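The block underneath contains the structure these notes are about, expressed in structure tokens.
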Amino acid sequence: MTDLHRLSIREISEGLAAAKFSSRELTEHYLKRIAKIDPQVRSYVTVTNEVALAQADAADALRQAGQATALTGIPVAHKDIFCTQGIKTSAGSKMLDNFISPYDATVVAQGKNAGLVTLGKVNMDEFAMGSTSESSFYGATKNPWALDHVPGGSSGGSAAVVAADLAPFATGTDTGGSIRQPASFCGLTGLKPTYGRVSRYGIIAYASSLDQAGPMARSAEDCAYLMNVMAGHDSKDSTSMDKAVEDYVANLNATTLKGLRIGIPKQYFNVAGLDAAVKARVEESLKKLEELGAVVVEIDLNMTESYVPTYYLIAPAEASSNLSRYDGVRYGYRAENPQDILDLYKRSRSEGFGAEVQRRILIGTYALSAGYYDAYYVKAQKVRRLIQQDFLKAFEQVDVIAAPTAPTTAYKIGASLDPVEMYLGDIYTIAVNLAGLPAISAPVGFDQDHLPVGLQLIGNYWSESQLLSVVHQYQQATDWHTQRAAIAEENA
Ligand code: GLN
């Protein structure tokens, strides 16, 4: 079969079960495509050829023995922020360019237990800080829809591999939008679960109170399959929730759209910088949801103006603390010929971290320092609580909240956004992390340059099933999610 890369996860699962093809054939097919197409997209940091083929053979053997589950033998790509035993785990940084993880992140281990085959590790903004994937030590990944554009970030590699048909689905992490925004920029579906739904164990930390992993795929259905593997309690992560996991695949039609109340925050549609095409596509998608039975209600989210300043205090503050472990002594990059211990710390960190990471360490250290702690960090935490309360009040009125995922479509590579401009692009995604809520991004059309636009749906706590179900039903009635990126079409 030549079009294995066009199959959905369900189709792959059924094809494997019916012995139409083996995991080995499927895996070889993807590895060949990666070798051929990825030099143009530059999405993989590491391709794990041998590991993948060994896992594929093991999956085929399990199937022969009658022990296969739904996902046994299906390939996946992991963001290079998940620790993978024996495989380089770089977080997109020179600091970890030489780091071979001695253990697997729980998400990776759960994938292995389910029989997933690891194709490799994919590119990202350095330490997940950014919105373009350009801050990676390994250079920029290209957007498969238009190679002179960014795929978004920080999970830009995860989005690019799926959009270019170089993996059927991928893992991502989202601290302030890093699953949803690249999904939006690459015409994919991406779910950021409730904080605590997916284990953070073995995920290189950016901002611990905001970080959460989730699936990135073409459709809500494909995401549901990966969520079934990723979700769950983990005794190794004290912030993971001991709460029963739903069957996200079985629940894909469980939510009825008839009468579903969708809140439209007035403030979100008056944001300066909201692109006209993005606004139009999002409004059209809401019309479609209304046709399918949903009821659209205007709501207020009065804290909107505080999102960016609050997030850009708390996230750098936590990052400055998390990144203090990279000192050139225990692991990671070490400067050569240090004169003394201070020189070793200083040069290892100056040479090992890129500019954006250093900027955030500076902001965070400043905000946490004696004398400024109360004025900045404590204040930001108080505002964070108000942002959460704003959402909870809204959920008394509506079932889900709709918004654009990002104010624009994908930027041009090297558009030289200044940092504040880049931070403002996070306006629609970061509050969700500050509140710990789940949210999903789904493709709803294109702008004048045929770049994808994403609709975001934000749910109340633990409503992942509902979000997937709403998007699934929208996708049953539309075909945006089935459209292929230019480079995928050229290599169909
Ligand atoms: N763009 C945001 C930031 O740079 C979000 C990144 C993320 O979610 N990891 O912080």
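None of these values were measured; they are calculated from a predicted model. Numbering starts at 1 and runs along the sequence shown. These values consider heavy atoms only, across backbone and side chains, with no hydrogens, waters or symmetry-generated copies.
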Q: Run the numbers on S465 and E246 for side chain to side chain donor-acceptor pair (under 3.5 Å), then give the verdict.
A: CA-CA 7 Å; S465 249; E246 294 163 81; 3.1 Å; yes
Q. Between the side chains of T408 and D275, is a donor N or O closer than 3.5 angstrom to an acceptor N or O?
A. no
Q) Short question: side chain of T118, backbone of G120 - any donor-acceptor pair under 3.5 Å? A) no
Q: Check whether any side-chain N or O of K192 sits under 3.5 Å from a backbone N or O of L437 as a donor-acceptor pair, and report yes or no.
A: yes
Q: Indicate yes or no for a side-chain donor-acceptor contact from N123 to the backbone of G139 under 3.5 Å, with no hydrogens or angles considered.
A: yes
**Q.** Derivation of the side chain to side chain contact (heavy atoms under 4.5 Å, CB included) call for D426 and Y312
**A.** CA-CA 10 Å; D426 295 335; Y312 278 100; 2.5 Å; yes
Q.
Does Y376 have more than 12 heavy atoms from other residues, nucleotides or ligands lying within 6.0 Å of its OH?
A. no
Q) Checking Q181 side chain against G153 main chain: does a donor-acceptor pair fall under 3.5 Å? A) yes
Q.
Looking at D327 and R349, is there a salt bridge between them, counting it only when a charged N and a carboxylate O are closer than 4.0 Å?
A. no
Q) D211 and I203: side chain to side chain contact (heavy atoms under 4.5 Å, CB included), yes or no, with the steps? A) CA-CA 9 Å; D211 297 344; I203 298 175; 5.6 Å; no
Q.
With a 3.5 Å distance limit and no angle check, can you tell me whether S441 reaches the backbone of T189 through a side-chain donor-acceptor pair?
A. no
(Q) As an exercise, state the distance from SG of C223 to CD1 of I440, rounded to the nearest 0.5 Å. (A) 5.5 Å
Q.
So that I know where these two stand, are F269 and Y428 an aromatic pair - ring centroids less than 6.0 Å apart?
A. no
**Q.** Heavy-atom closest pair, residues A220 and L468
**A.** CB-O, 3.5 Å
**Q.** Flag for N433-D174: side-chain donor and acceptor within less than 3.5 Å
**A.** yes
Q. Hey, mind stepping through V122 and H78 against side chain to side chain contact (heavy atoms under 4.5 Å, CB included) and telling me if it holds?
A. CA-CA 6 Å; V122 294; H78 289 301; over 6 Å; no
Q. Any chance the side chains of S209 and R384 put a donor and an acceptor closer than 3.5 Å?
A. yes
**Q.** Sub-4.5 Å side-chain heavy-atom contact between N322 and R325
**A.** yes
Q: Output the distance between atom OG (S158) and atom CE (M124), rounded to the nearest 0.5 Å.
A: 8.5 Å
Q: Enter the distance from R385:CZ to T310:OG1 here, rounded to the nearest 0.5 Å.
A: 13.5 Å
Q) Quick one: are P452 and S184 in side-chain contact, heavy atoms under 4.5 Å? A) no
**Q.** Pair E489-R6, salt bridge (Lys or Arg N to Asp or Glu O under 4.0 Å): steps then yes or no
**A.** CA-CA 10 Å; E489 283 301 344; R6 312 223 35 156; 3.7 Å; yes
Q: Please determine, by modelled atom types, if T194 and Q212 share a side-chain donor-acceptor pair under 3.5 angstrom.
A: no
**Q.** D148 with K142: basic N within carboxylate O range, under 4.0 Å
**A.** no
Q: Any chance you could lay out the ring pair (Phe, Tyr, Trp, His ring centres under 6.0 Å) test for Y377 and Y372, step after step, and finish with the verdict?
A: CA-CA 8 Å; Y377 185 68; Y372 294 106; over 10 Å; no
**Q.** Within-4.5 Å side-chain heavy-atom neighbours: S178 and K79
**A.** yes
Q | S155 (side chain) donor-acceptor with T173 (main chain) under 3.5 angstrom | A | yes
**Q.** Atom OH of Y103: over 12 foreign heavy atoms under 6.0 Å
**A.** yes
Q. Are the side chain of T141 and the backbone N or O of R42 linked by a donor-acceptor pair below 3.5 Å?
A. yes
(Q) Within the 4.5 Å heavy-atom criterion, are T171 and P215 side-chain neighbours or not? (A) no
Q: Apply the test side chain to side chain donor-acceptor pair (under 3.5 Å) to residues T239 and R200: give CA-CA distance (whole Å), side-chain angles for both, the deciding distance (0.1 Å), then the verdict.
A: CA-CA 8 Å; T239 62; R200 291 186 300 109; 3.0 Å; yes
Q) Would one find more than 12 heavy atoms of other residues, nucleotides or ligands at under 6.0 Å from atom CD of E50? A) no
Q) Which distance, rounded to the nearest 0.5 Å, do you find between the CZ of F185 and the CZ of R180? A) 13.0 Å
Q: Indicate yes or no: at least one non-hydrogen side-chain atom of P168 is less than 4.5 angstrom from one of I9.
A: yes
**Q.** For A170 against L226, the heavy-atom pair lying closest together
**A.** O-CD2, 3.4 Å
Q: Could you walk me through whether E356 and E126 pass side chain to side chain contact (heavy atoms under 4.5 Å, CB included), step by step?
A: CA-CA 8 Å; E356 184 60 27; E126 185 177 7; over 6 Å; no
Q: Mark yes when over 12 heavy atoms from residues, nucleotides or ligands other than R359 sit less than 6.0 Å from its CZ; otherwise mark no.
A: yes
Q. Side chain of D125, backbone of A128: donor and acceptor closer than 3.5 Å?
A. no
Q. Using the benzene-type ring in the case of Trp, are the ring centres of Y461 and Y195 under 6.0 Å apart?
A. no
Q | For G454 against V282, the heavy-atom pair lying closest together | A | O-CG2, 3.9 Å
Q) Do H481 and R218 touch side chain to side chain, with heavy atoms closer than 4.5 Å? A) no
Q) Has the side chain of S348 got a donor or acceptor atom that lies under 3.5 Å from a matching backbone atom of L344? A) yes
Q: Find the distance between CG (L116) and CE (M230) and round it off to the nearest 0.5 Å.
A: 10.0 Å
Q: Determine whether the aromatic ring centres of F127 and Y206 lie less than 6.0 Å apart.
A: no
Q. Which heavy-atom pair separates V117 from A52 by the least distance, and what is that distance?
A. CG1-O, 3.4 Å
Q) Would a line drawn from the ring center of W145 to the ring center of F446 be shorter than 6.0 Å? A) yes
Q. Near E351 CD, under 6.0 Å, is it more than 12 heavy atoms from other residues, nucleotides or ligands?
A. yes
Q: Taking all non-hydrogen atoms of both residues into account, name the closest pair between I430 and Y307 and its distance.
A: CD1-O, 3.6 Å
Q.
Does any part of the side chain of Q456, heavy atoms only, come nearer than 4.5 Å to the side chain of P404, both counted from C-beta?
A. no
Q: Could you tell me whether the side chain of N143 and the main chain of H149 form a donor-acceptor pair under 3.5 Å?
A: no
Q.
Tell me whether K94 at atom NZ has more than 12 heavy atoms from other residues, nucleotides or ligands lying less than 6.0 Å away.
A. yes
Q: Could you tell me whether D80 and K121 have a side-chain N and a carboxylate O separated by less than 4.0 Å?
A: yes
Q: Would you check if the distance from the ring center of Y225 to the ring center of F169 is below 6.0 Å?
A: no
(Q) Working to the nearest 0.5 angstrom, can you tell me the gap between T27 OG1 and N49 CG? (A) 10.5 Å
Q) In terms of side-chain heavy atoms, does D222 have a donor or acceptor partner in S8 at a distance below 3.5 Å? A) no
Q. Where is the tightest heavy-atom contact between P144 and A163, given as atom of each residue plus distance?
A. CG-CB, 3.7 Å
**Q.** Other residues, nucleotides, ligands: >12 heavy atoms within 6.0 Å of K379 NZ
**A.** no
Q: Please examine the side chains of F82 and I204, heavy atoms only from C-beta on, and report whether any two atoms are closer than 4.5 Å.
A: no
